[in-house]
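Lettering of chains follows the sequences in order, A, B, ..., and the numbering in each one begins at 1.
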Amino acid sequence: MAINGIKGFNDILPGEVRKWRHVEETARRVFEIYGFCEIRVPVLEKTELFARSIGDATDIVEKEMYSFTDKGGNGVTLRPEGTAGVIRSFIEHKLHVADPVAKLYYLGPMFRYERPQKGRYRQFHQIGVEVAGVSDPKIDAQVLTMLCHFFAELGLTEPHLQINSLGCHECRPGYREKLQKFLHDRLDALCDDCRRRYVTNPLRALDCKAAGCREATASAPSVLDHLCPGCDEHFSRTRAGLEAAGTPYEINPRMVRGLDYYTRTTFELVTGLLGAQSAVAAGGRYDRLIEELGGPSLPGIGFAMGVERVVLLLGDTDFGVRPDLFIAFHGDAAGNEAFRLMCRLQRLGVSVEMDYEGKSLKSQMRRADKFGARHTLILGEDELARGMAVIKEMDSGVQREVALDPENINMLLAPGSGAGDMRKEQQ
RNA sequence: GUGGCUGUGGUGAAGCGGUUAACACAAACGACUGUGACUCGUUCAUCCGUGGGUUCGAAUCCCAUCAGCCACCCCA
């Protein structure tokens with residue numbers, strides 16, 4: 001019996017990898033325009049780090065972590081998200097000393113023990129960014145604008161930005177209490193889950209999908225009406241920043257985030273195309289997290305996007321690359337020469353394919369077509385004897401005889417041959 | 001952790017108790033002047049997720065099990 005992979009841990013096969021790389025490369029390119037630097041941190045951290053940052057009572061920490069005891073008896077966990085590790089590293093290496101503002105991005109696998117479904121896997125991948133050291137709402141607007149820029153760059157215009165403010169430790173408790181009172185009078189109308197949430201996390205009732213809860217909470221007090229002056233100003237200046245940047249958004253006062261560390265600005269990039277998984281990217285401000293993890297008292301803001309979800313949105317877009325040249329040959333001597341030529345050309349940076357087995361010319365041509373080779377070089381005994389070869393442009397079918405010389409052939413393959421040339425697009 | 005749906009070749013699938021397990025795509029080879037795309041031909045599941053059971057006989061019925069998918073919870 002063959003051994004299969006683990007549930008929720010997926011292979012990313014060659015065809016898909018191209019799409020993944022396109023996403024990753026686009027992220028790097030866009031984020032670096034905005035001055036972000038990549039940071040790479042381990043996938044394994046002390047369990048305590050996540051318990052303290054994400055929140056002890058959250059589902060992630062309570063039941064979704066891949067935690068175990070290593071051989072030295074330490075409690076360790078496969079990271080369920082990226083922020084905690086990045087902030088830990090930021091603090092540990094005192095990055096704020098060298099530069100009071102840190103703009104970082106990361107990408108890599110995260111792990112959560114959940115039941116897999118569309119757009120959700122046990123090993124999944126996130127690309128995220130974190131900014132530490134700026135409390136001005138200009139950075140909120142900047143981060144959101146960059147996120148939207150990234151999606152626009154991928155040609156994904158359907159996901160739209162929703163923002164909200166959760167207030168801070170000053171104003172949130174008051175609002176929470178008020179909301180709880182409001183819900184108290186309508187407990188009968190709420191679903192079972194919301195009755196439970198009433199105690200644990202009343203804010204959650206606001207974005208419940210159940211019709212009854214939607215109705216019951218229709219006239220619920222809004223967080224935005226209960227922000228303290230500081231948070232209120234932060235929110236309106238964030239909005240002004242978005243408008244200045246020309247970044248479209250909508251306000252969703254019912255949006256709630258699952259991690260405990262969020263304060264003030266929170267946001268999601270939502271899509272209607274991924275079934276139950278509507279959030280493609282999400283994040284928010286975490287003004288107390290760095291200090292709570294033992295670092296300096298610095299504010300922070302960040303987001304993470306689910307790469308699988310982004311890739312799903314990209315659909316069947318083909319990112320395949322076409323070889324520059326396929327070399328077909330006829331006869332043993334020509335076969336040897338074809339191989340020599342292929343090696344020379346590859347050394348010159350030309351992507352070349354050939355058929356190693358020496359099948360029929362027809363079969364080789366078919367293969368050249370399948371690869372989508374831009375040109376095919378045909379080398380037979382008689383051409384070889386004259387030091388020549390036939391080169392055929394596959395898209396047009398035009399062919400001509402050329403001298404059998406790597407430098408010469410390399411020149412002939414150079415761009416400028418018109419339609420179907422993909423080199424420019426790949427720059 | 002809970003619920004629903006589905007399991008036939010590389011893929012999409014027909015089949016509904018007795019068939020050589022259809023068809024299409026993909027793939028390989030070949031025909032059409034040593035040259036691809038169109039056309040044509042040939043090949044490609046001794047087997048229907050796995051294990052039991054019912055039956056003269058099962059891919060087709062029953063049970064178990066495993067896997068996948070989707071949804072809830074929660075989240076990217």
Think [X] has a side-chain N or O under 4.0 angstrom from the OP1 or OP2 of [N]?
X	N	value
A:S363	B:C29	yes
A:S360	B:G30	yes
A:Q117	B:A71	yes
A:K359	B:C29	yes
A:R112	B:C73	no
A:R367	B:A27	no
A:K362	B:G36	yes
A:K63	B:G1	no

_Do A:R120 and A:F124 form a cation-pi contact, if we require the NZ or CZ to be under 6.0 Å from the six-membered ring centre and within 45 degrees of the ring's axis?_
no
*Could you tell me whether A:R122 sits above the aromatic face of A:Y113, with NZ or CZ closer than 6.0 angstrom to the six-membered ring centre and within 45 degrees of the axis?*
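The answer is yes, since A:R122 meets both limits relative to A:Y113.
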Using atom [atom1] in both nucleotides, what's the gap between [N] and [M] to the nearest angstrom?
N	M	atom1	result
B:A37	B:A45	P	25 Å
B:C16	B:A22	C1'	15 Å
B:U39	B:A58	P	42 Å
B:C32	B:G18	P	45 Å
B:A21	B:C47	C1'	8 Å
B:A13	B:U6	P	14 Å
B:U19	B:G57	P	14 Å

*Between C1' of B:C66 and NZ of A:K7, the distance in whole Å*: 10 Å
*Rounded distance in Å - CG (A:L190) to P (B:C73)*: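 A:L190 atom CG is separated from B:C73 atom P by 14 Å.
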Closest to the [X] side chain: [options]?
X	options	answer
A:L259	B:A28, B:A76, B:A71	B:A76
A:K392	B:C74, B:G36, B:A28	B:G36
A:A282	B:U35, B:A76, B:C73	B:A76

*Scan residues 382-390 of chain A against RNA chain B and write down, sorted by residue number, each residue with any heavy atom closer than 4.0 Å; if none is found, say none.*
A:D382, A:E383
*Keeping the roles fixed (side chain from A:T47, backbone from A:V76), state whether a donor-acceptor pair exists under 3.5 Å.*
yes
*Determine the interplanar angle of the A:F111 and A:Y66 rings, folded into 0 to 90°, and report it as parallel if under 30°, tilted if 30 to 60°, perpendicular if over 60°.*
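Answer is perpendicular, since the angle exceeds 60°.
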*asked:* Check for me whether the distance between the ring centres of A:Y105 and A:F31 falls short of 6.0 Å.
replied: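 Centroid distance A:Y105-A:F31: below 6.0 Å, so yes.
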*asked:* Pick the closest RNA chain B nucleotide for A:G380 and for A:A281 by heavy atoms, then say which residue is nearer the 5' end.
replied: A:G380
*RNA chain B: A:R257 or A:C208, which has the more 5' nearest nucleotide?*
A:C208
_A:K362 and its side-chain contact (heavy atoms from CB on, under 4.5 Å) partner, picked from A:M365, A:R366, A:K359_ =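 The passing option is A:R366.
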_What verdict does the side-chain contact (heavy atoms from CB on, under 4.5 Å) test give for A:L312 and A:Q277, after you've listed the backbone C-alpha separation in whole Å, the side-chain angles of each residue and the deciding distance to 0.1 Å?_
CA-CA 11 Å; A:L312 241 29; A:Q277 268 57 248; over 6 Å; no
*Do other residues, nucleotides or ligands put more than 12 heavy atoms under 6.0 Å from A:E215 CD?*
no
